Amino acid sequence: MKVGVLGTGDVGRVLASGFIMHGHEVKIGSREPDSDKLKEWKANNGPSASTGSFADAAKFGEVVVLATLWSGTQDALTLAGPGNLKGKVVIDATNPLVFAENGPPSLALGWKDSGGEQVQRWLPGAHVVKAFNIVGNQHMVNPEFPCGPPTMFIAGDDKKAKGTVTDILRSFGWEVSDIGGIEGARVLEPMCILWVVYAMRNRSRNHAFKMLHKE
Ligand SMILES: NC(=O)c1ccc[n+]([C@@H]2O[C@H](COP(=O)([O-])OP(=O)(O)OC[C@H]3O[C@@H](n4cnc5c(N)ncnc54)[C@H](OP(=O)(O)O)[C@@H]3O)[C@@H](O)[C@H]2O)c1
C-alpha cells in the first residue's frame with residue numbers, strides 16, 4: 001500500500017519507518033522536504049522511502065497519516081490540500097495539546113469537541129480515524145509488553161476506513177477496540193494526558209493501555 005505521512009516529528013518518522021518495515025511504500029510530507037532530518041530518515045529506510053511537500057505526500061498516499069503539532073495542523077492540512085485527501089483514510093495521530101512550563105499539558109479542546117472532530121471538519125471528504133494518539137511514539141510499532149498486546153482504541157465515522165486502520169494496527173502488533181464515531185476522540189485525547197502524567201510520575205515511557213475483559 002502507498003502511505004503518505006504528514007509530519008516529520010518523532011511520530012511521523014516512527015510510523016513512516018513502521019509502515020516500511022511492514023512492507024508499504026511511504027512518502028513523508030513537510031514544509032522542508034530536503035531537511036537533514038528527512039535526508040537521514042530516507043537514507044536509513046531504503047528504496048520504499050521518499051519525501052516531498054505536504055501536498056506530494058497527500059497525493060501519494062492511499063492511506064494518509066496526520067502527525068503534526070496541533071497548532072500547525074490546520075496549516076499543514078491547507079498545504080496538503082483537502083482535495084488530495086478526498087475519499088481517503090486519514091489516520092489522525094495528533095493530540096490538541098496546550099503545553100505547560102511545569103507539569104503535564106492540557107487539551108485545547110474537550111468534552112464537547114475534540115481534535116479528531118476538528119480534523120474531520122477540516123477534511124469533509126476524507127474518512128478520519130483517530131488512532132495511535134494514546135501511546136508514546138516508542139511503542140507505536142510492534143509494541144512488546146510481557147502481558148501481551150496493548151489495546152489501541154480507535155474512533156471514526158466510516159466503517160470501511162476503521163476496518164483498514166484495524167488491519168494496519170493488528171499488523172503492527174496491537175489489539176484494537178473500536179469505540180464508535182469520531183466524537184470518541186473526546187475521550188481518546190484525554191487518555192494522552194493520562195499517559196503523559198504516568199510518564200512524568202514514573203519517569204517511564206514504557207507503558208501502554210490494555211483493556212481487560214471477561215466473557
Ligand atoms: N511524541 C509522541 O510520542 C506522541 C504520541 C502520541 C501523539 N502525539 C501527537 O502527534 C503529533 C506529532 O507529534 P511529534 O512529537 O511527532 O511532532 P511535533 O513536533 O508535534 O510536530 C512536528 C510536525 O508538525 C509540523 N508543523 C509544526 N508547525 C507547523 C505549521 N505552522 N504549519 C505546518 N506544519 C507544522 C512540522 O512540519 P515541518 O516538517 O514542515 O516542520 C512537523 O512535520 C502531535 O499532535 C502530538 O501531540 C505525539
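Remember, it's a predicted structure, so these values are computed and weren't measured experimentally. Atoms within each ligand, like the ligands themselves, are counted from 1 in listed order.
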Which ligand 1 atoms, with their elements, are less than 4.0 angstrom from a heavy-atom of A76?
-> 33 (C), 34 (N)
Candidate pair N202 and H207, rule side-chain hydrogen bond (donor to acceptor under 3.5 Å, both in side chains), full reasoning | CA-CA 10 Å; N202 294 284; H207 54 283; over 6 Å; no
The reported gap from CG in N206 to NE2 in H139 (rounded to nearest 0.5 angstrom) is 4.0 Å
So how far is it from D34 CG to T51 OG1, rounded to the nearest 0.5 Å?
-> 6.0 Å
Mark the output for W195 as yes if a heavy-atom distance to ligand 1 is under 4.0 Å, and as no if none is.
-> no
Atoms of ligand 1 close to V135 [distance to a heavy atom under 4.0 angstrom, numbered from 1] | 5 (C), 6 (C)
Heavy atom of M140 under 4.0 Å from ligand 1?
-> yes
May I ask which of L66, L79, N95 has a heavy atom nearer to atom 47 (O) of ligand 1 than the others do?
-> N95
Verify the distance criterion only: is there a donor paired with an acceptor across the side chains of T73 and T68 at less than 3.5 Å?
-> yes
Is it true that E189 and K130 make a salt bridge, defined as a side-chain N closer than 4.0 Å to a carboxylate O?
-> yes
Mark up the atoms of ligand 1 that fall under 4.0 Å of a heavy atom belonging to N133, in ascending order.
-> 6 (C)
Out of curiosity, L77 CG to T94 OG1, how far, rounded to the nearest 0.5 Å?
-> 8.5 Å
When you measure from atom 45 (O) of ligand 1 to every protein heavy atom, which one gives the shortest distance, and what is it?
-> T68 O, 2.7 Å
Selection from Q138, Q74, R31 by shortest heavy-atom distance to atom 30 (C) of ligand 1 | R31
In ligand 1, the atoms that come under 4.0 Å of a heavy atom of G136 are 3 (O)
Crowding at NZ, K86 (>12 non-hydrogen neighbours, <6.0 Å) | no
Shortest protein contact, atom 16 (O) of ligand 1 (heavy atom only) = V11 N, 2.8 Å
Element-labelled atoms of ligand 1 that are located less than 4.0 Å from some non-hydrogen atom of G7 | 43 (O)
Looking only at protein heavy atoms, identify the closest one to atom 17 (O) of ligand 1 and say how far it is in Å.
-> G9 CA, 3.6 Å
Run the numbers for me: atoms of ligand 1, each under 4.0 Å from some heavy atom of L97, listed by number.
-> 47 (O)
Ligand 1 contacted by V14 (non-hydrogen, < 4.0 Å) | no
Identify whether the distance between the nearest side-chain nitrogen and carboxylate oxygen of R186 and E117 falls below 4.0 Å.
-> yes
Look at the aromatic rings of H24 and F19 and report parallel, tilted or perpendicular, splitting at 30° and 60°.
-> perpendicular
Give the intermediate values and the outcome of side-chain hydrogen bond (donor to acceptor under 3.5 Å, both in side chains) for residues D75 and T78.
-> CA-CA 5 Å; D75 283 348; T78 301; 5.2 Å; no
If we number the atoms of ligand 1 from 1 as shown, the ones under 4.0 Å from a heavy atom of D75 are 31 (N), 32 (N)
Find all atoms of ligand 1 within a distance of less than 4.0 Å from any non-hydrogen atom belonging to A93, and give their numbers and elements.
-> 7 (C), 8 (N), 9 (C), 10 (O)
Any N or O of T8 closer than 3.5 Å to N or O of ligand 1 = yes
How far does CD1 of I134 sit from CE of M152, to the nearest 0.5 angstrom?
-> 5.0 Å
Among all protein heavy atoms, pick the one closest to atom 21 (O) of ligand 1 and tell me residue, atom and distance.
-> L69 N, 3.1 Å
In the protein, which heavy atom is nearest to atom 33 (C) of ligand 1, and how far is it?
-> G72 O, 3.5 Å
Any protein heavy atom sitting closer than 4.0 Å to atom 43 (O) of ligand 1?
-> yes
Any chance the side chains of S50 and K42 put a donor and an acceptor closer than 3.5 Å?
-> no
Any idea which protein heavy atom is nearest atom 38 (P) of ligand 1, and the distance to it?
-> S30 OG, 3.5 Å
Please state which protein non-hydrogen atom is closest to atom 12 (C) of ligand 1 and give its distance, to 0.1 Å?
-> A67 O, 3.4 Å
Distance-only donor-acceptor check, side chains T151 and K210, under 3.5 Å | no
